Amino acid sequence: STVICVFEKDAIGIDNDLLVNSGRSLETLVSVGMQLGVSTRTFARSTLI
Amino acid sequence: MGNGNSREAKESRRSRLRHKLQKFRIHRRHLRSSRNSAGMVIQRTVSAEDFSGIALLTLIGAEMKFKDKWLACVSFGEQTFRTEISDTTQKPIWNSEKKLLLEKNGPSLARVSVFETNRVARNKIIGYCELDIFDFVVQEPESTCKSFNLLDPTSSNVVGSIFLSCAIEDPVETERRFAKRILSIVDYNEDGQLSFSEFSDLIKAFGNLVAANKKEELFKAADLNGDGVVTIDELAALLALQQEQEPIINNCPVCGEALQVSDKLNAMIHMTLCFDEGTGNQVMTGGFLTDRQASYGWMFKLSEWTHLSTYDVGLNTGSSASYIVVIDRKSKRLVEELIDSKIVLSMRAIYQSKIGLRLMDQGAKEILQRLSEKQGKKMSSVESAQKIPRFLEFFKDQINMAEVKYPLQHFKTFNEFFIRELKPGARPIACMNRNDVAVCAADCRLMAFQSVEDSTRFWIKGKKFSIRGLLGKNVNPNAFLDGSLVIFRLAPQDYHRFHVPVSGVIEQFVDVSGSLYTVNPIAVNSKYCNVFTENKRTVAIISTAEFGKVAFVAIGATMVGSINFVRKEGEHVKKGDELGYFSFGG
């Protein structure tokens, strides 16, 4: 089984080590709660729902 | 009817059939002798008693005495197969085929039963007949249609008739097809030629160390012009020749069973049927698959989850083991995860070949669904709890019971253990007070791409992959087009609950129906396979202040097709909160 998360374009800056490994077609062993990335912009919640 | 003959007559017919098959073998010997470019004459003694072959039985249709929906079953040896259910009619037509193995001292009597099936009388047997397959093929060598009376099992009255045909497949043709088929499996780029590395993979899967050490020699012998590649036909000829001189296939590359090297024809027939089983290649499929059959079939091999219920399909099989290499983020070290090479080969055969996927017709998808449902029931039974200690032993370095919320005796079924919870704090959440930091949603092997284009360049090779396809037609994809993609792949030993990666509000859940293909990298990396857009899945849309909308897609897979969410639409969720879990089932 697999989970895929899709973020809006340019909404997240994914941690570099994860991107580097993936760019080598290499999966990274991670655990729940480890940092994935940081938001790159702020959204107004009122526009979301 | 085909039964009721005297023993003498039966023996006589068998002798005729053996004679017929022997003629095939003599023809094959001549064929090989004449095409042996080295000028070597192959002497092979074939005993008339060394009988073996494949019979193609076709259930054409029946004439019954009243209208209903009908299905027919064939029982042969330990196996039972069924047709589809007909329309409501007095004259059902099935045209269902099944290949049966005829072997020395093996079963020869087939029992064909016809059932009526409707809401009142579900699958009630109406009539049956028995026929000796050996007799049939001797009497009707050209596979003509033959009628058999159907008898009432309680009174022996005739209740209808059934029309069958049966033919022996030419062993020479079977062997030729087999050689091409097995070699085409490793022709990954399907250019009709095999490189040395493609050839090496195949020899490795045969489980013969001697042959593995000679693979350069074997390859060189076939590569007559020395250009580093050989055609499939050349290699098929070489393989056949080598089999005559010194068998190189010790184990069936499909089911792993040790083959009798002295009985080459039987070994080849075993592998041919093994390839066919469960691929959807045959019209009549095993509606009543036994566990033994299922564990020998392709479908059951098409998942890395297989060994959870069949530990004999071991991952620690020495030379036949392969590895998936991942990098441990914490230790920054490469880790080799064992995977049985037979499973790898099976997956490649189906998922990375156009031919393989063509075989995966609707029937095969249904088998995957049924196997997963069956597995779900099995793993939810009290008896399944007995598997937990062996599972823990198998993954002793990867499952830390100290962080599991409940002690071992708490789990009454394997499925309960599979969806085990962890103690509070067992998974620290990064930057808990900062909602602008997203976290990993599962214990898993992760792939992350800043753009969809990167994901398809480096990882997802299915030609039909798109965000629109992933989210399904009931989710507006506009916000996510050209977005970033993170793939969390869970392995059997992993903690199987998934968590919220970002804080926000769950806007909606959308179920998307689909198949239960494996989500193993072999399938994901196949240009012919589109697991992320064809598998059963549930899409959750989470609205956040920091990341906008985030689509959380939980995708089911072979054996583990049950997707369960523990939060509801409209709920506020905080990153790290448990969101749901995968469990065994369809």
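Not measured: the values here are computed from a predicted model. Residue numbering restarts at 1 for every chain, and letters A, B, ... go by the order of the sequence lines.
Ranked by heavy-atom pairs under 4.5 Å with chain A, the list B:Ile327, B:Asp482, B:Val326 is led by B:Ile327. Taking B:Gly561, B:Cys440, B:Ser331, B:Gly576 one by one and counting their heavy-atom pairs under 4.5 Å with chain A, the maximum is reached by B:Cys440. Heavy-atom pairs under 4.5 Å with chain A peak, among B:Asp328, B:Val437, B:Leu446, at B:Leu446. Ranked by heavy-atom pairs under 4.5 Å with chain B, the list A:Cys5, A:Gly23, A:Ser31 is led by A:Cys5. The residue among A:Asn21, A:Val38, A:Asp15 with the most heavy atom pairs within less than 4.5 Å of chain B is A:Val38. The residue among B:Ala479, B:Ala540, B:Ala426, B:Ala554 with the most heavy atom pairs within less than 4.5 Å of chain A is B:Ala479. Chain A forms more heavy-atom pairs under 4.5 Å with one residue of B:Lys330, B:Gln450, B:His499 than with any other, namely B:Gln450. The candidate with the highest count of non-hydrogen atom pairs below 4.5 Å against chain A, out of B:Ala430, B:Ser484, B:Gly483, is B:Ser484.
Taking the side chain as every heavy atom from C-beta outward, B:Ile429 and B:Lys575 approach each other to under 4.5 Å. Annotation: side chain of B:Leu485 is not in contact with side chain of B:Phe532 (no heavy-atom distance under 4.5 Å). Residues B:Arg537 and A:Thr2 are not in side-chain contact: their nearest non-hydrogen atoms beyond the backbone lie 4.5 Å or more apart.
Considering OG1 of B:Thr558 and CG of B:Asn535, their distance stands at 7.0 Å, rounded to 0.5 Å. Between atom OG of residue B:Ser455 and atom CD1 of residue A:Ile4 there is a gap of 8.5 Å, rounded to the nearest 0.5 Å. With rounding to the nearest 0.5 angstrom, the CG atom of B:Asp494 is 9.0 Å from the CZ atom of B:Phe395.
Judged as a ring-ring contact (aromatic ring centres under 6.0 Å, His included), and not counting sequence neighbours, B:Phe480 has no contacts.
Heavy atoms closer than 4.5 Å to chain A are found nowhere in B:Val500, neither backbone nor side chain. With a 4.5 angstrom heavy-atom cutoff, B:Arg434 touches chain A only via side-chain atoms. Contacts of B:Phe552 with chain A are made by both backbone and side-chain atoms, with heavy-atom separations under 4.5 Å. Of the atoms belonging to B:Ile467, it is side-chain heavy atoms, and not backbone ones, that fall under 4.5 Å from chain A. With a 4.5 Å cut-off on non-hydrogen atoms, B:Leu334 touches chain A through its side chain but not through its backbone. With a 4.5 angstrom heavy-atom cutoff, B:Pro501 touches chain A only via side-chain atoms. For a residue to count as touching a neighbouring chain, one of its non-hydrogen atoms must lie under 4.5 Å from one of that chain's; by this rule B:Cys444 touches chain A with backbone and side chain alike. When heavy atoms are compared at a cutoff of 4.5 Å, B:Asp454 does not approach chain A at all. In this structure, chain A has a heavy atom under 4.5 Å from the side chain of B:Leu470, while its backbone stays farther away.
In summary, of the residues considered (B:Arg445, B:Arg329, B:Met447), a side-chain contact (heavy atoms from CB on, under 4.5 Å) with A:Thr28 occurs for B:Arg329 alone.
Between B:Phe582 and B:Phe498, the distance separating the two ring centers is shorter than 6.0 angstrom.
Atom CZ of B:Arg567 sits in a crowded spot, with more than 12 heavy atoms from other residues, nucleotides or ligands closer than 6.0 Å.
Counting only residues at least two apart or on different chains, no ring pair (Phe, Tyr, Trp, His ring centres under 6.0 Å) pair has a member in residues 21-40 of chain A.
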